[in-house]
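These notes are about the structure you will find just below.
No hydrogens, no waters, no symmetry mates; every other heavy atom, side chains included, goes into these values. Along the sequence shown, residues carry numbers from 1.
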Amino acid sequence: MNNERPPASSPSDRPVLHGVDWAVQAGATDEVMLGTQRRVRRRRQERLALVATVGLCVLGVSLWVSPLSRPSATTVVASRSAVIEAPARQVLPDGSVVELKDGAVIAVAYTPGTRRIVLQRGEAHFQVVKDPARPFIVAVDAVEVRAVGTSFSVQRRTAQVEVLVTTGRVAVDRVVETQADSPPTDPQTIATLDAGNRTLVEATPSAAAPVVEPLTTTEMGQRLAWRVPRLEFTRTALSEAIPMINQHSTIKLSLADPSLGSVRISGLLRVDNVETLFHLLEVEHGIKADRLDSGEVILRRAR
């Protein structure tokens, strides 16, 4: 039996991921946005851009710069009916990884003794390779976030710097201004953050020490939701969609019956919430998700 629906031509012909009441009841409207209009897809395809790393060697200093003119969001047209959106992800010379939220701009300069990144605009998340001999420093004006081996995000705001730690520990320092004829002083540590903590640092040099506050797992996920890849499907066959989901999700899907691969889906899916896809496949097509102890999920027809 062919499960493919004919092209939408009437209100009754709807794609699989249609925006029905369950999405509101389940609080999943942020994860699945349905009825994607063709002009939105065209716009996204037009701004397709792959951000590339530029390596320079200047006077023995390894330098990488993300210029203002280069968009930091990566949009990949995976096929004629699927688009993958994710933050730009760059591997730095030491193996550390930086993800740039759309609009973020950084400049990176490595020396034999220091790994230094200047956040010029926006927000970035860093996964730092441990190297006790070379501290990893993210600078925003007079504020410096220092780590050895950890992961954290830094956001540059108008008058504040937000720091959020996902693993490990970081120190937040303030650079003390000195007179032109005075020797420079070492930065002063004004806060220390462990994993799951967040702080807002006032940009004013004379501001009081920042308050460190814990975040719940839910709050952390919401705050860093921009890091989660999104897959946009437009009448995409399951046989084509599943490999893309498996590539970007920790859950691995497979089909019990190859004929299920002809079922087509449409919508915008966050790869950290494939449960929404399972729900809709069951409601619309009678396809159930059979979860194995190994973590694999097999899609099969409900009996």
Side-chain angles (χ1 to χ4, degrees), residues 51 53 62 64-66 72-74 84-111 113-141 143-157 160-174 187 189-201 210-230 247-251 270-273:
V51 181
T53 301
S62 181
W64 173 82
V65 178
S66 174
S72 58
T74 298
I84 302 172
E85 288 195 346
R89 183 178 184 273
Q90 303 295 335
V91 179
L92 301 176
D94 66 324
S96 296
V97 176
V98 56
E99 293 172 292
L100 302 174
K101 189 176 181 179
D102 191 23
V105 178
I106 63 174
V108 181
Y110 279 21
T111 67
T114 305
R115 298 172 291 174
R116 186 177 181 83
I117 299 91
V118 177
L119 179 60
Q120 299 173 340
R121 188 175 69 190
E123 181 175 1
H125 183 272
F126 304 91
Q127 294 175 276
V128 182
V129 172
K130 190 172 184 178
D131 185 353
R134 300 173 70 199
F136 189 96
I137 298 173
V138 179
V140 183
D141 296 332
V143 177
E144 295 184 347
V145 183
R146 176 168 41 88
V148 174
T150 185
S151 59
F152 60 97
S153 72
V154 180
Q155 181 186 25
R156 180 178 190 137
R157 300 183 177 185
Q160 294 175 318
V161 178
E162 182 188 53
V163 181
L164 189 157
V165 181
T166 50
T167 63
R169 170 180 289 188
V170 305
V172 179
D173 300 337
R174 192 185 298 279
T189 299
I190 56 177
T192 302
L193 285 74
D194 292 315
N197 288 345
R198 164 187 178 271
T199 191
L200 285 174
V201 184
V211 175
V212 177
E213 59 177 348
L215 295 182
T216 65
T217 301
T218 300
E219 291 171 334
M220 182 79 73
Q222 292 173 343
R223 180 62 190 78
L224 296 177
W226 62 269
R227 297 181 58 211
V228 180
R230 288 167 168 79
Q247 180 183 357
H248 295 277
S249 174
T250 56
I251 297 177
R270 278 179 49 158
V271 298
D272 63 344
N273 193 7

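Annotation: Arg134, atom CZ; neighbour count of heavy atoms from other residues, nucleotides and ligands within 6.0 Å is above 12.
We find the OG1-CZ distance between Thr192 and Arg146 to be 8.0 Å, quoted to the nearest 0.5 Å. In this structure, Ser96 OG and Gln90 CD are separated by 13.0 Å, a value rounded to the nearest 0.5 Å. With rounding to the nearest 0.5 Å, the separation of CD in Glu85 from CH2 in Trp226 is 14.0 Å.
In this structure the side chain of Ile190 reaches within 4.5 angstrom of the side chain of Pro210, judged on heavy atoms. Leu92 places a side-chain heavy atom less than 4.5 Å from the side chain of Val98. Contact of the Lys101 side chain with the His125 side chain is not registered, since no non-hydrogen atoms from C-beta on lie closer than 4.5 Å. The side-chain heavy atoms of Val143 and Asp141, taken from C-beta on, include no pair separated by under 4.5 Å. For the pair Ile117/Phe126, a side-chain contact is recorded, criterion being any heavy-atom separation below 4.5 Å from C-beta on. Val118 has its side chain out of reach of Ile106: every pair of non-hydrogen atoms, C-beta onward, lies at least 4.5 Å apart. Looking only at side-chain heavy atoms (C-beta outward), Tyr110 and Asp94 come within less than 4.5 Å of each other. Looking only at side-chain heavy atoms (C-beta outward), Phe136 and Val148 stay at 4.5 Å or farther from each other.
The minimum heavy-atom distance between Leu193 and Ala191, with the atom names listed, is CD1-CB, 4.1 Å. Heavy atoms only, all atoms of each residue included: Pro135 and Gly113 are closest at CD-O, 3.6 Å. The two residues Arg270 and Asp272 have their closest heavy-atom pair at NH2-OD2, 2.5 Å. Nearest approach of Phe152 to Ala147, heavy atoms of both residues: CE2-CB, 3.8 Å. Between Ala124 and Leu100, the closest heavy-atom pair is CB-CD2, 3.8 Å.
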Q: For Leu200 and Arg157, run side-chain contact (heavy atoms from CB on, under 4.5 Å): C-alpha distance rounded to whole Å, both residues' side-chain angles, the deciding distance at 0.1 Å, then the answer.
A: CA-CA 10 Å; Leu200 285 174; Arg157 300 183 177 185; 3.6 Å; yes

(Q) Using side-chain contact (heavy atoms from CB on, under 4.5 Å), reason through Thr218 and Gln222 one step at a time and then give a plain yes or no. (A) CA-CA 6 Å; Thr218 300; Gln222 292 173 343; 3.8 Å; yes

Q | Worked verdict on Arg223 versus Glu162 for salt bridge (charged side-chain N to carboxylate O under 4.0 Å, His left out) | A | CA-CA 11 Å; Arg223 180 62 190 78; Glu162 182 188 53; 2.3 Å; yes

Q: Might you work through the side-chain contact (heavy atoms from CB on, under 4.5 Å) test for Asp131 and Arg115, ending with a clear yes or no?
A: CA-CA 10 Å; Asp131 185 353; Arg115 298 172 291 174; 3.7 Å; yes

Q.
Would Ile84 and His248 count as a side-chain contact (heavy atoms from CB on, under 4.5 Å) here? Give the steps.
A. CA-CA 10 Å; Ile84 302 172; His248 295 277; 3.6 Å; yes

Q: Would you sort out whether Arg174 and Thr189 count as a side-chain hydrogen bond (donor to acceptor under 3.5 Å, both in side chains), showing the intermediate values?
A: CA-CA 6 Å; Arg174 192 185 298 279; Thr189 299; over 6 Å; no

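Each of Arg198, Glu123, Arg227 was evaluated against Ser153; a single residue qualifies, Glu123, per the side chain to side chain contact (heavy atoms under 4.5 Å, CB included) test.
When atom types are taken as modelled, the side chain of Thr199 and the backbone of Val211 share a donor-acceptor pair closer than 3.5 angstrom. Side-chain atoms of Arg121 come within 3.5 Å of backbone atoms of Gly103 as a donor-acceptor pair (strictly under, hydrogens ignored). Put simply, the side chain of Ser249 gets close to the backbone of Ile251: a donor and an acceptor are under 3.5 Å apart.
Defined by atom type and a distance below 3.5 Å, a donor-acceptor pair is missing between the side-chain atoms of Arg89 and Gln127.
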